Peer 1: 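Please see the structure below; I have some questions.
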Amino acid sequence: MPDQTDKTVEAQRQGIGSLEIGLRILDTLAESTRPMTLKQLSDVMELSSSRLHKYMVSLIRTGYIAQENGSGYILGKSSLTLGVAALSRIDPIQSAFSAVEALNRSSDKTVSITVWNGQAPLVIKWLDASQPVAVNVRLGMELSPFYSVSGRIFLAHLPSARRNQIVDAFYNNPPALPRYNGQTLDKPAFLSHLEQVKQDNLCCFYGDFLPDINVVGSAIHDINGNISSVVSLMGINGDTDVRPGSRYSEMVKECARNVTEEICGRHNRPEPDVS
């Protein structure tokens with residue numbers, strides 16, 4: 001006979017399929033940029049229009065969806081109430097703190113979080129590995145927008161006018177040219193590098209400014225698409241591969257992506273049993 005643990009696991013697997021279908025309808029409408037017809041919903045969800053219509057009647061009755069101009073479906077006022085309530089409970093910085101604490105434990109690498117103070121990145125969280133790296137960076141320090149991973153990520157996402165203002169001022173009299181992958185970057189090359197950083201949401205240093213130390217960072221975004229903070233990881237280059245696609249770069253990107261999804265409410269629900 002199954003023991004109590006088996007019964008508990010089985011109970012956790014059980015659910016209400018019709019409720020999950022209703023939630024999938026709301027998710028589908030939330031992800032659409034325009035009202036959706038019953039036929040469009042039916043195609044996307046792979047459910048018959050007749051079956052789907054019953055769900056739409058209940059969701060309209062409870063205010064979770066509405067019909068726009070009597071045809072296309074959109075989210076209703078009840079959905080808005082839920083969204084506003086959820087947003088009011090989100091603390092983006094605390095979410096980032098919790099995520100990098102988990103990243104620090106799983107990677108055993110030095111990790112940090114920075115925010116933009118209007119001029120440069122500011123370190124607001126610093127967690128050492130079991131074998132700390134020898135760097136002169138600690139909690140509360142302001143980092144260079146040009147010589148730090150987080151600085152380049154923030155620069156890459158600034159409005160173009162503000163970014164160009166900062167870059168132009170720097171290149172008028174640079175103390176030293178920025179480097180990337182062992183190469184010095186003049187202004188056109190640096191701006192091109194920032195575009196790539198923005199596209200990839202990833203910036204990596206391969207001992208470019210800290211000898212024998214590799215660094216990788218990725219941005220956490222808020223619901224408006226702006227950077228909330230940047231999470232970074234660093235370690236000795238001999239055992240910390242941070243090249244795009246490497247284990248540590250993927251860990252950092254996943255960390256940033258998970259916090260962004262927590263802040264913005266994007267997620268993937270498991271497929272319910274619709275049989």
Side-chain angles (χ1 to χ4, degrees), residues 8-9 12 23 26-27 30-31 81-118 120-133 135 137-143 148-154 156-157 197-198 200-205 213-236 239-242 244-270:
T8 300
V9 171
Q12 291 173 344
L23 293 174
L26 297 180
D27 282 344
E31 292 166 0
T81 300
L82 283 180
V84 171
L87 282 173
S88 68
R89 290 166 173 77
I90 292 174
D91 183 340
I93 297 303
Q94 188 55 53
S95 296
F97 281 4
S98 298
V100 297
E101 287 166 3
L103 177 62
N104 175 250
R105 292 191 298 270
S106 62
S107 67
D108 193 23
K109 298 296 179 183
T110 298
V111 297
S112 65
I113 295 177
T114 54
V115 295
W116 185 253
N117 68 4
L122 183 71
V123 180
I124 62 170
K125 185 79 169 180
W126 183 275
L127 295 171
D128 282 315
S130 59
Q131 296 182 328
V133 292
V135 296
V137 179
R138 282 296 179 264
L139 188 66
M141 287 190 64
E142 186 177 273
L143 305 180
S148 70
V149 158
S150 58
R152 293 188 187 181
I153 294 174
F154 279 114
H157 288 82
V197 167
K198 183 176 182 179
D200 298 340
N201 191 20
L202 191 74
C203 186
C204 311
F205 280 1
I213 294 176
N214 291 345
V215 191
V216 58
S218 187
I220 295 169
H221 292 84
D222 63 22
I223 198 166
N224 296 312
N226 300 316
I227 291 188
S228 169
S229 57
V230 170
V231 54
S232 301
L233 175 151
M234 68 175 63
I236 302 301
D239 61 9
T240 312
D241 184 0
V242 299
S246 67
R247 175 194 174 202
Y248 292 113
S249 69
E250 289 302 308
M251 290 177 75
V252 169
K253 287 186 70 173
E254 181 181 12
C255 176
R257 181 168 56 248
N258 288 343
V259 179
T260 296
E261 291 177 351
E262 182 177 342
I263 294 170
C264 299
R266 300 187 181 96
H267 62 284
N268 294 314
R269 294 186 187 277

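Throughout, residue positions are numbered sequentially from 1 according to the sequence presented. Predicted model only: the values in this text are computed from it and were never measured.
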Peer 1: Do you know which two heavy atoms are closest between Phe205 and Cys203, and how far apart they sit?
Peer 2: CE1-SG, 4.2 Å
Peer 1: Of all heavy-atom pairs between Lys253 and Leu202, which one has the smallest distance, and what is that distance?
Peer 2: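 Shortest heavy-atom separation between Lys253 and Leu202 comes out as CG-CD1, 3.5 Å.
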Peer 1: Can you tell me how far the CD atom of Gln94 sits from the NZ atom of Lys125, to the nearest 0.5 Å?
Peer 2: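 That separation rounds to 7.5 Å.
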Peer 1: Which atom names give the shortest non-hydrogen contact between Met234 and Ile213, and what distance separates them?
Peer 2: CB-CG2, 4.2 Å
Peer 1: Are any of the side-chain heavy atoms of Leu233 and Ser107 separated by less than 4.5 Å?
Peer 2: yes
Peer 1: Among Val100, Val259, Ile220, Ile93, which residue satisfies the side chain to side chain contact (heavy atoms under 4.5 Å, CB included) criterion with Ile113?
Peer 2: Val100
Peer 1: Kindly check if the number of other-residue, nucleotide or ligand heavy atoms within 6.0 Å of CD (Gln131) is above 12?
Peer 2: no
Peer 1: Give me the atom names and distance for the closest heavy-atom approach of Ala129 to Thr110.
Peer 2: N-OG1, 3.3 Å
Peer 1: Rounded to the nearest 0.5 Å, what separates atom OH in Tyr248 from atom CG in Leu103?
Peer 2: 10.0 Å
Peer 1: About how many Å separate CG of Asn104 and NZ of Lys109, when rounded to the nearest 0.5 Å?
Peer 2: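 Interatomic distance, Lys109 NZ to Asn104 CG, rounded to 0.5 Å: 11.0 Å.
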Peer 1: Taking all non-hydrogen atoms of both residues into account, name the closest pair between Ile153 and Ala219 and its distance.
Peer 2: CG2-CB, 3.7 Å
Peer 1: Could you walk me through whether Val231 and Val252 pass the side chain to side chain contact (heavy atoms under 4.5 Å, CB included) test, one step at a time?
Peer 2: CA-CA 7 Å; Val231 54; Val252 169; 4.1 Å; yes
Peer 1: Which pair of non-hydrogen atoms, one from Phe97 and one from Ile124, has the smallest distance, and what is that distance?
Peer 2: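 Shortest heavy-atom separation between Phe97 and Ile124 comes out as CZ-O, 3.7 Å.
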Peer 1: Is any side-chain heavy atom of Ile236 closer than 4.5 Å to one of Val133?
Peer 2: yes
Peer 1: State whether the side chain of Ser246 and the backbone N or O of Asp241 hold a donor-acceptor pair below 3.5 Å, judged by distance alone.
Peer 2: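 Here the side-chain-to-backbone pair exists.
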Peer 1: So Ser218 and Cys255, do their side chains get closer than 4.5 Å, heavy atoms only?
Peer 2: no
Peer 1: Mind checking the OG-CG spacing from Ser112 to Asp128? Nearest 0.5 Å is all I need.
Peer 2: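 Going from the OG atom of Ser112 to the CG atom of Asp128 covers 10.5 Å.
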Peer 1: Under a 4.5 Å cut-off applied to non-hydrogen side-chain atoms, are Leu143 and Phe154 in contact?
Peer 2: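 Heavy-atom side-chain distance check fails, nothing below 4.5 Å.
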Peer 1: Between Ser228 and Asp222, does any side-chain donor sit less than 3.5 Å from a side-chain acceptor?
Peer 2: no
Peer 1: Tell me yes or no: between the side chains of Asp108 and Ser130, is some donor less than 3.5 Å from an acceptor?
Peer 2: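 Per modelled atom types, Asp108 and Ser130 side chains form a pair under 3.5 Å.
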Peer 1: OG of Ser106 to CD of Glu101: how many Å apart, nearest 0.5 Å?
Peer 2: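 Reported value, rounded in 0.5 Å steps: 12.0 Å.
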Peer 1: Look up atom CD in Glu142 and atom OG1 in Thr114, then write down how far apart they are to the nearest 0.5 Å.
Peer 2: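 Nearest 0.5 Å value for the CD-OG1 distance: 11.5 Å.
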